[in-house]
There are 2 protein chains.
Amino acid sequence: MNNETRTLFFSFFNEIGIIAQLSRTALEARLPKGLTLPHFSVINHLIRVRDGQTPLAIARAFQVPKTTMTHTLNGLAENGFVEIRPNPEDGRSKTVWLTDAGRRFRDEAIRSIDPDIEAFRARYPEDKIRALVPDLADIRAVLDANRD
Amino acid sequence: MNNETRTLFFSFFNEIGIIAQLSRTALEARLPKGLTLPHFSVINHLIRVRDGQTPLAIARAFQVPKTTMTHTLNGLAENGFVEIRPNPEDGRSKTVWLTDAGRRFRDEAIRSIDPDIEAFRARYPEDKIRALVPDLADIRAVLDANRD
DNA sequence: ATTAACTTGTACGAAATCGTACTAATGGAG
DNA sequence: CTCCATTAGTACGATTTCGTACAAGTTAAT
């Protein structure tokens, strides 16, 4: 392979990785101590989609092993942000429900993150971000397909 | 803040995070067991820039804590990919040097990753990637500046 | 109805990441 | 020269991530 091509793709994925790391760090700086991006993301997911899902369904939505999701959900349950109940339709499995505290956690997190988004938007135009999202979604889909 | 705007930025960083995760997993699938993206990246860095750097300089280049870099470098040293020698200019510090095995590791890793890059390129045009890199670099720079 | 194959969640252990606290060395103020 | 603040690296412990192995429940084939 052409070395310039290889360098290009490496640079691309390198920039992606750095942005992911920086944005994650910036977000977690706004969360209460001990809570991480996955904690916030799961709560957000339960609000955006719906709660009452099984741990495995949530793990699949985030493309993480189910053991990882067990750990994340335990952290949320210990903080009282979700309640884990048996699944009446399947004795093997469980369902995950938001609590009021969980919704409050999400509201407060968003409120404290908003200024960072504003700061970012002031320096990088929203329209350019809007234009990038579909490209990134395409790239994600290609990588996803290549996973087999 | 406008909810649509917030959702847009969340989607953007979410896509970035997923791509970072997928590309990292794809790369590590090609590395010998026990070796990770940071291992490969450090070796690559030492080749692209120069070897003989101090651990702290490398940690700063990757924006990770120095304890993390100590751990990564120990892994590389145990595999015989780098040699860690005292720094003749500063008794507190050390210097990190590539070995022949380290260079071979890098060459082989690249050889086994190339087909994945080709597969990706076949589904997503190189020119679009080329156009995205500067945008991502800008975004990275903005996030970096906001870190204070 | 019984059995075998599969699914869901978890316990456990390994490895990566990172904060805190420490040691050793450096360098500047006096 | 002496002292003290600073710097480089590491030991240690906590947490996250994830693979393996397992227990409990479900499903499908006979």
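No experiment lies behind these values; they were computed from the predicted model shown.
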Are any of [X]'s side-chain N or O atoms less than 4.0 Å away from OP1 or OP2 of [N]?
X	N	result
A/Thr70	C/dG9	no
A/Arg85	C/dG9	no
B/Ser93	D/dG9	yes

Looking only at the aromatic ring of each residue, does the gap between the centers of A/His45 and A/Phe62 stay below 6.0 angstrom?
yes

d([atom1], [X]; [atom2], [N]) in whole Å:
X	N	atom1	atom2	answer
B/Ile84	D/dT10	CD1	C1'	12 Å
A/Arg24	D/dT17	CZ	C1'	10 Å
A/Glu89	D/dT27	CD	C1'	16 Å
B/Met69	D/dT7	CE	C1'	18 Å
A/His39	D/dT17	NE2	C1'	12 Å
B/Leu35	C/dA14	CG	P	18 Å
A/Glu78	D/dT15	CD	P	10 Å
A/Lys94	D/dG25	NZ	P	12 Å

### Closest-nucleotide ordering on DNA chain C, the 5'-leading residue of B/Pro38 and A/Pro55
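Its nearest nucleotide lies further toward 5', so the answer is A/Pro55.
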
Assign each of A/Gly34 and A/Asp90 to its nearest nucleotide of DNA chain D by heavy atoms, then name whichever residue's nucleotide is nearer the 5' end.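 Whichever sits nearer the 5' end wins; that is A/Gly34.
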
May I ask you to check whether A/Glu126 and B/Thr5 show a side-chain donor-acceptor distance below 3.5 Å?
yes

What does the list of N/O pairs under 3.5 Å between the protein and nucleotides 18-24 of chain C look like, with a distance for each?
| residue | atom | partner | partner atom | Å |
| --- | --- | --- | --- | --- |
| C/dC18 | OP2 | B/Thr68 | OG1 | 3.4 |

- [ ] Can you run down the side-chain hydrogen bond (donor to acceptor under 3.5 Å, both in side chains) pairs that involve residues 19-33 of chain A, sequence neighbours left out, and say none if there aren't any?
- [x]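 Those involving residues 19-33 of chain A are A/Arg24-A/Glu28, A/Arg30-A/Asp116.
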
Test item: B/Ser93 side-chain N/O and B/Asn87 main-chain N/O as donor-acceptor pair under 3.5 Å: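 Not at all, since once roles are kept as given, no pair shorter than 3.5 Å links the two residues.
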
request  = Go through D/dG9, C/dA16, C/dG9 for me and flag the one nearest to the A/Leu56 side chain.
outcome  =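 Among the listed nucleotides, the one closest to the side chain of A/Leu56 is C/dG9.
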
Please find the pair of heavy atoms, one from A/Ala20 and one from B/Ile16, that lie closest to each other, and give the distance.
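For A/Ala20 versus B/Ile16, the nearest heavy atoms are N-CG2, 3.7 Å.
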
In terms of heavy-atom contacts, B/Thr95 and B/Pro86 come closest through OG1-O, 3.6 Å

- Message: Is the ring pair A/Phe9/B/Phe120 parallel, tilted or perpendicular, if the boundaries are 30 and 60 degrees?
- Response: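 Perpendicular: the ring planes of A/Phe9 and B/Phe120 meet at over 60°.
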
